[in-house]
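Just so we're clear, the structure is a prediction, and the values are computed from it rather than from any experiment. Every chain is numbered from 1, with letters handed out A, B, ... down the list of sequences.
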Amino acid sequence: MDYAPVVSRTLRWYAHAARDLPWRRPDAGPWAIMVSEFMLQQTPVARVLQPWQDWVQRWPTPAALADAPSGEAVRAWGRLGYPRRALRLHQAATAIRDDHDGQVPDDYQALLALPGVGSYTAAAIASFAFGRRHVVLDTNVRRVQARIATGIEFPATAPTAAERLLAEQFLPTEPARAARWAVASMELGALICTARGPQCDQCPVRTDCAWHRAGRPAHEGPARVGQRYQGTDRQCRGALLAVLRSSDDAVPAEELDTAWPDRAQRERALASLITDRLVVAVGPDRYALPD
DNA sequence: GATACGTGGAA
DNA sequence: TTTCCAAGTAT
């Protein structure tokens with residue numbers, strides 16, 4: 001199948017419809033882009049904008065972040081969620097400072113070796129920051145591909161080998177064009193080809209879309225497993241960490257007690273936070289963010 | 001491959 | 001009010 005027309009139409013659409021996001025501007029370097037990619041993992045753009053500004057201003061280089069205590073990274077992460085990302089970004093910054101002369105690597109494999117960088121993020125940084133040709137397969141692109149090429153409303157739970165092969169067929173040969181396709185196809189998924197209420201009437205490739213041509217058939221198969229939050233260990237961890245973030249000093253255990261009434265769950269969550277190195281025990285029954 | 005891992009806004 | 005889901009990674 002020749003997807004060149006799909007690529008061309010999408011690039012033409014992106015040229016006028018793209019959002020003006022700060023990490024896409026010419027003055028955003030590889031490090032600023034890398035910070036944005038960490039923050040955007042499972043987190044909407046709207047919630048990332050302010051924390052990203054704060055981070056790149058406070059820590060304009062990987063070395064600047066690496067030289068700060070990891071607990072400060074966790075504190076500055078605020079309520080973005082998944083605070084292990086802050087820790088891994090700090091670890092990645094340390095590796096870049098120590099092993100890459102302070103420069104974000106431009107090579108996919110070197111990026112992939114960094115903590116918190118998986119196949120998506122490595123490809124995204126290589127593509128967006130360095131103009132390299134890579135399949136950038138995020139949730140948006142997967143949904144766009146599923147609809148255009150496969151004719152189904154939603155892709156499988158996890159990326160498959162078939163999806164990667166399909167993505168290769170879309171990817172233009174020329175690196176700069178491939179990089180533009182990567183960001184443009186993500187944008188199409190984020191703005192038009194959305195999970196709920198897709199705007200097919202505004203879609204530049206609706207005539208190329210197998211799902212649209214088929215009359216937008218509803219998704220078959222089991223509904224996705226819902227992710228509960230209320231009452232979970234994750235919520236408990238979040239509550240405990242919020243207390244520690246708000247304090248400049250170590251916090252006595254009694255103060256954590258007030259943040260989560262269930263003792264067994266609280267202790268289990270605290271232990272897991274310590275295992276994850278998001279929290280350290282300092283002195284008898286006192287806890288703090290790590291150094 | 002399934003599961004754990006935060007948070008908040010929109011439907 | 002409940003459910004869905006948002007530029008994933010690590011185990």
Side-chain angles (χ1 to χ4, degrees), chain A residues 18-19 21-24 28 32-52 74 77-89 91-92 111-129 134-144 153-161 163 167 179 181-191 193-198 219 222-242 244-245 259-260 265 268-269 271-273 275-279:
Chain A
R19 291 168 292 181
L21 300 176
W23 43 84
R24 287 180 183 163
I33 291 171
M34 179 170 167
V35 171
S36 80
E37 289 304 333
F38 269 72
M39 291 185 166
L40 287 163
Q41 292 170 359
Q42 294 283 283
T43 306
V45 165
R47 288 179 49 206
V48 165
L49 289 169
Q50 188 59 57
W52 179 85
V74 174
W77 200 251
R79 303 190 67 80
L80 269 182
Y82 292 143
R84 290 190 295 195
R85 290 182 292 168
L87 217 47
R88 290 180 180 139
L89 183 50
Q91 293 164 351
L111 288 163
L112 194 59
L114 296 172
V117 177
S119 58
Y120 162 75
T121 303
I125 296 171
S127 181
F128 303 156
H134 286 284
V135 166
V136 182
L137 202 58
D138 82 320
T139 186
N140 291 301
V141 176
R142 296 184 59 220
R143 188 173 55 248
V144 167
E153 186 178 17
F154 296 114
T157 308
T160 64
E163 282 179 69
W181 160 250
V183 70
S185 55
M186 286 173 64
E187 192 78 336
L188 187 67
L191 298 183
C193 192
T194 52
R196 284 183 292 186
H219 180 64
R224 304 165 178 175
V225 286
Q227 39 178 332
R228 293 163 306 286
Y229 183 56
Q230 288 295 323
T232 61
D233 285 7
R234 290 157 78 176
Q235 186 186 27
C236 181
R237 284 165 55 106
L240 297 179
L241 209 53
L244 294 172
R245 276 199 313 266
W260 196 266
Q265 190 173 29
R268 184 170 68 242
S272 74
L273 286 169
T275 297
D276 290 348
R277 300 187 177 280
L278 284 163
V279 174

Any base atoms under 4.0 Å from [X], or only sugar-phosphate, or nothing? Heavy atoms, all strands.
X        : result
A/Trp23  : base
A/Ser36  : nothing
A/Val117 : sugar-phosphate
A/Ser119 : sugar-phosphate

Report task. For B/dA4, take OP1 and OP2 only and decide whether either is under 4.0 Å from a side-chain N or O of A/Arg268. Result ->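 No, A/Arg268 has no side-chain N/O under 4.0 Å of OP1/OP2 on B/dA4.
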
**Report entry** Distance test, side-chain N/O of A/Thr139 to OP1/OP2 of C/dA6, below 4.0 Å
**Finding:**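 The answer is yes; a side-chain N or O of A/Thr139 sits under 4.0 Å from OP1 or OP2.
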
Between [N] ([atom2]) and [X] ([atom1]): distance, integer Å:
X        : N     : atom1 : atom2 : value
A/Leu191 : C/dC5 : CG    : P     : 18 Å
A/Met39  : C/dT9 : CE    : C1'   : 17 Å
A/Glu153 : C/dC4 : CD    : P     : 13 Å
A/Leu87  : C/dT9 : CG    : C1'   : 14 Å
A/Leu188 : C/dA7 : CG    : P     : 12 Å
A/Leu21  : C/dA7 : CG    : P     : 11 Å
A/Leu112 : C/dT9 : CG    : P     : 9 Å
A/Arg196 : C/dC5 : CZ    : P     : 5 Å

Requested in this report: For A/Trp260, enumerate each residue passing the ring pair (Phe, Tyr, Trp, His ring centres under 6.0 Å) test, keeping only those at least two apart in sequence or located in another chain.
Outcome: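 Ring pair (Phe, Tyr, Trp, His ring centres under 6.0 Å) list for A/Trp260, sorted by chain: empty.
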
Taking atom [atom1] in both [N] and [M], compute the distance separating them and give it to the nearest angstrom.
N     : M      : atom1 : answer
C/dA7 : B/dC5  : P     : 23 Å
B/dG8 : C/dT1  : C1'   : 15 Å
B/dG1 : C/dA10 : C1'   : 13 Å

Query raised in the report: Closest nucleotide of DNA chain C for A/Gly116 versus for A/Phe128: which of these residues is on the 5' side?
Result: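 Looking at DNA chain C, the more 5' nearest nucleotide goes with A/Phe128.
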
Report task. List for me each residue that meets side-chain contact (heavy atoms from CB on, under 4.5 Å) alongside A/Arg228, sequence neighbours excluded, and say none if there are none. Result ->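 For A/Arg228, no residue satisfies side-chain contact (heavy atoms from CB on, under 4.5 Å) once neighbours in sequence are set aside.
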
Query raised in the report: Residues two or more places apart in sequence or in another chain: which of them pass side-chain contact (heavy atoms from CB on, under 4.5 Å) with A/Leu137?
Result: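 Applying side-chain contact (heavy atoms from CB on, under 4.5 Å) to A/Leu137 gives A/Val135, A/Val141, A/Arg142, A/Gln145, A/Pro159, A/Glu163, A/Arg164, A/Ala167.
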
Requested in this report: Under the salt bridge (charged side-chain N to carboxylate O under 4.0 Å, His left out) rule, collect the residues that match up with A/Arg234, sequence neighbours excluded.
Outcome: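 Residues passing salt bridge (charged side-chain N to carboxylate O under 4.0 Å, His left out) with A/Arg234: none at all.
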
**Report entry** Residues that A/Asp233 engages under salt bridge (charged side-chain N to carboxylate O under 4.0 Å, His left out), provided they are two or more places apart
**Finding:**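 Expected list: A/Arg268.
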
Contacts under 3.5 Å, N or O only, protein and nucleotides 5-7 of chain B:
residue	atom	partner	partner atom	Å
B/dC5	O4'	A/Arg84	NH2	3.0
B/dC5	N3	A/Tyr82	OH	3.4
B/dG6	OP1	A/Pro83	N	3.4
B/dG6	OP2	A/Arg237	NE	2.4
B/dG6	OP2	A/Arg237	NH2	3.2
B/dG6	O4'	A/Tyr82	N	2.9
B/dG6	N7	A/Tyr82	OH	3.4
B/dG6	N7	A/Arg234	NH2	2.9
B/dG6	O6	A/Tyr82	OH	3.2
B/dG6	N1	A/Gln42	O	3.2
B/dG6	N2	A/Gln42	O	3.4
B/dG6	N2	A/Thr43	OG1	3.0
B/dG6	N2	A/Leu80	O	3.0
B/dT7	OP2	A/Tyr229	OH	2.8
B/dT7	O2	A/Arg47	NH1	2.5

Query raised in the report: Considering all heavy atoms of both residues, which atom of A/Pro22 and which atom of A/Trp52 are nearest to each other, and what is their separation?
Result: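 In terms of heavy atoms, the two residues are closest at CB-CZ3, 3.4 Å.
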
Query raised in the report: Between A/Ala179 and A/Phe128, which heavy-atom pair has the shortest distance, and what is it?
Result: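 Shortest heavy-atom separation between A/Ala179 and A/Phe128 comes out as O-CE2, 4.3 Å.
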
Requested in this report: Compare the minimum distances between each of C/dG8, C/dA7, C/dC4 and the side chain of A/Glu37, then state the nucleotide with the smallest one.
Outcome: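 Looking only at side-chain atoms, A/Glu37 lies closest to C/dA7.
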
Query raised in the report: Any side-chain heavy atom of A/Asn140 within less than 4.5 Å of one from A/Cys193?
Result: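 A/Asn140 vs A/Cys193: side chains apart.
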
